[in-house]
Amino acid sequence: MGGGLGLRPLAVLLVLVAAAAGRAAPAEGKGRGRGAHGSTSTRLRFRRDSGTFKVVQVADMHYADGRATGCEDVLPSQVAGCSDLNTTAFLYRVFRDEDPDLVVFTGDNIYGADSSDAAKSMDAAIAPAIDMKLPWAAVIGNHDQEGTLSREGVMRHLVSMKNSLSGLNPEGIEIDGYGNYNLEVSGVEGTSLGEKSVLNLYFLDSGDYSTVPSIKGYGWIKASQQVWFQQTSSSLQRKYMNENPKQKEPAPGLVFFHIPLPEFSSFTAANITGVKQEGISSASINSGFFASMVEAGDVKAAFIGHDHINDFCGKLSGIQLCYAGGFGYHAYGKSGWSRRARVVSVQLEKTDNGEWQGVKSIKTWKRLDDPHLSTIDSEILWNKGTNGRRKKNTDGS
């Protein structure tokens, strides 16, 4: 971590954050091919110039009261002046450099127990994405509701915020939790797939803690949520493959939630990209959601948080299971090990006559809050017609 932008003295941080805010709006004419930001009617769409759609995943900010909230697990020399504002500065830094099409906050966005006002903490935590006019979506973790708002209250607030594409729950059905919804990403405007969802994003509430007296520990994705997921996936696949222009294979799906599934324990250092530095804090029972994803047939990767000093991806039964690594400075971490974000870049294929088609590949890498905003662990999660391959780099942080 040493010397990263997020760990400079408070006075310098305030100047940098203010400067970033003043020049935050992304330049026009980048060929994103998406609607204007700042409205829930924003249509997510692949970029015309590059045929890409990029997501920045932010896990475990643990935001509380801003400048008044100190940092956890930083080097002794970095403690003075370190606060939630370091998290804010890192957000601006990575957003400006990556220029994402969507930001996904995967839970424990705030640390409710240390927040004097949960709504204000969420406003401050998400502010850089709103300020930079970036579409964003969120799920909640196990700490968001430990302050002045309930889980429903937290999710309702996230849904109501500017530029938010988050959803409370699907209408017309009974479902456990809050924040179960999906987003569709259309092909490049003006192409044959410009009105079809060529990439599907699923968001689920993985709960907080078990409410069953005989089962201790963390919560899990319940049967009602899995039914909704399977029905939504099936409907999207039918639409993609049966409506003109008909496609031969389902559009790829990516899934976002907070608490790891028990299957994240399936890996060793030999078959992951990234690091495993703590245990897998999943629920003590297996509710079967991994099997639901495999059976659905469209999911290529799932992205989570919760265990802050794990940042690996590992492949199981055709699905990449990926941690982001901890982002926030008020969250526990590891002294000397940089806070980080995960980036996911989805690439379309192009026909011989130059028209963008469906998804060709899904890649990922991580960005560190170190002096160079280092990029590490770049890898291909999925390639059309293959099972994906790993390109493992060393961290060095």
Side-chain angles (χ1 to χ4, degrees), residues 1 6-7 10 13 17 57-74 78-79 81-92 94 103-130 136-159 161 164 166 177-179 205-209 217-219 256-260 278 281 304-311 323-335 337-342 369:
M1 283 186 221
L7 290 163
L10 177 58
L13 263 178
V17 170
Q57 180 195 0
V58 176
D60 298 275
M61 288 189 290
H62 280 230
Y63 213 94
D65 287 343
R67 190 185 317 182
T69 300
C71 297
E72 300 287 337
D73 297 324
V74 295
Q78 300 163 344
V79 172
C82 189
S83 73
D84 279 338
L85 296 185
N86 296 66
T87 301
T88 298
F90 184 25
L91 286 170
Y92 274 117
V94 73
V103 180
V104 177
F105 298 96
T106 51
D108 286 0
N109 309 305
I110 65 170
Y111 193 74
D114 289 346
S115 165
S116 57
D117 184 315
K120 289 182 178 178
S121 293
M122 282 185 279
D123 291 344
I126 308 293
I130 295 173
W136 60 274
V139 294
I140 51 179
N142 54 294
H143 290 304
D144 298 273
Q145 80 293 340
E146 294 176 340
T148 59
L149 288 175
S150 65
R151 290 184 73 75
E152 181 179 1
V154 167
M155 198 65 220
R156 285 189 180 277
H157 187 78
L158 290 167
V159 169
M161 292 171 66
S164 176
S166 310
Y178 301 97
D205 180 2
S206 54
D208 50 5
Y209 303 98
Y218 292 110
F256 299 89
F257 50 96
H258 181 70
I259 295 176
E278 63 177 310
S281 299
I304 64 155
H306 192 57
D307 298 325
H308 305 175
I309 58 174
N310 292 338
D311 73 349
Y323 278 102
F327 191 99
Y329 280 89
H330 185 52
Y332 78 82
K334 182 179 178 181
S335 297
W337 194 71
S338 298
R339 265 60 176 187
R340 57 203 58 210
R342 180 170 290 281
D369 195 22

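- By the ring-ring contact (aromatic ring centres under 6.0 Å, His included) test, Y178 is found to be paired with no residue, residues two or more places apart in sequence or in another chain being considered.
- Residue S83 comes nearest to C71 through the heavy atom pair N-SG, 3.1 Å, listed as atom of the first residue, atom of the second, then distance.
- The ring-ring contact (aromatic ring centres under 6.0 Å, His included) check on H143 picks up H62, Y111, with sequence neighbours excluded.
- Side-chain atoms of D73 never come within 3.5 Å of backbone atoms of K334 as a donor-acceptor pair (strictly under, hydrogens ignored).
- A donor-acceptor distance shorter than 3.5 angstrom exists from the side chain of R339 to the backbone of G328, with no hydrogens or angles considered.
- Once rounded to the nearest 0.5 Å, the distance linking CZ of R67 with SG of C82 reads 14.0 Å.
- Shortest non-hydrogen contact noted between A59 and G305 is CB-CA, 3.9 Å.
- Judged as a side-chain contact (heavy atoms from CB on, under 4.5 Å), and not counting sequence neighbours, the contacts of S121 are D65, I110, S115.
- By the side-chain hydrogen bond (donor to acceptor under 3.5 Å, both in side chains) test, D60 is found to be paired with H308, residues two or more places apart in sequence or in another chain being considered.
- Not counting sequence neighbours, the partners of A138 by the side-chain contact (heavy atoms from CB on, under 4.5 Å) test are F105, N109, W136, L158, S166.
- With H330 contributing its side chain and E72 its backbone, the two residues share no donor-acceptor pair below 3.5 Å.
- Pairs of residues two or more places apart, or lying in two chains, never qualify as salt bridge (Lys or Arg N to Asp or Glu O under 4.0 Å) while including a residue from residues 107-125.
- Scored by the side-chain hydrogen bond (donor to acceptor under 3.5 Å, both in side chains) test, Y332 finds E278 as partners (sequence neighbours excluded).
- Under the side-chain hydrogen bond (donor to acceptor under 3.5 Å, both in side chains) criterion, H306 pairs with N142, H258, not counting sequence neighbours.
- Judged as a side-chain hydrogen bond (donor to acceptor under 3.5 Å, both in side chains), and not counting sequence neighbours, T148 has no contacts.
- Annotation: the span from Y218 atom OH to I259 atom CD1 amounts to 7.0 Å, rounded to 0.5 Å.
- D144 is not listed as a side-chain neighbour of M155, based on a closest heavy-atom distance of 4.5 Å or more.
- Within the model, atoms CG of D205 and CZ of F257 stand 11.5 Å from one another, a figure rounded to the nearest 0.5 Å.
- Under the rule for a salt bridge (charged side-chain N to carboxylate O under 4.0 Å, His left out), D307 has no partner lying at least two apart in sequence or in another chain.
- A124 pairs by the side-chain contact (heavy atoms from CB on, under 4.5 Å) definition with Y63, not counting sequence neighbours.
- Side-chain N or O atoms of R342 include one that pairs as donor or acceptor with a backbone N or O of D311 at under 3.5 Å.
- From T106, atom OG1 reaches atom OH of Y323 across 11.5 Å, with rounding to the nearest 0.5 Å.
- Interatomic distance, CD1 of I140 versus CG of D208, reported as 8.0 Å (0.5 Å rounding).
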(request) Evaluate the criterion side chain to side chain donor-acceptor pair (under 3.5 Å) for residue pair Q145 and R151; output intermediate values, then yes/no. (result) CA-CA 5 Å; Q145 80 293 340; R151 290 184 73 75; 2.9 Å; yes
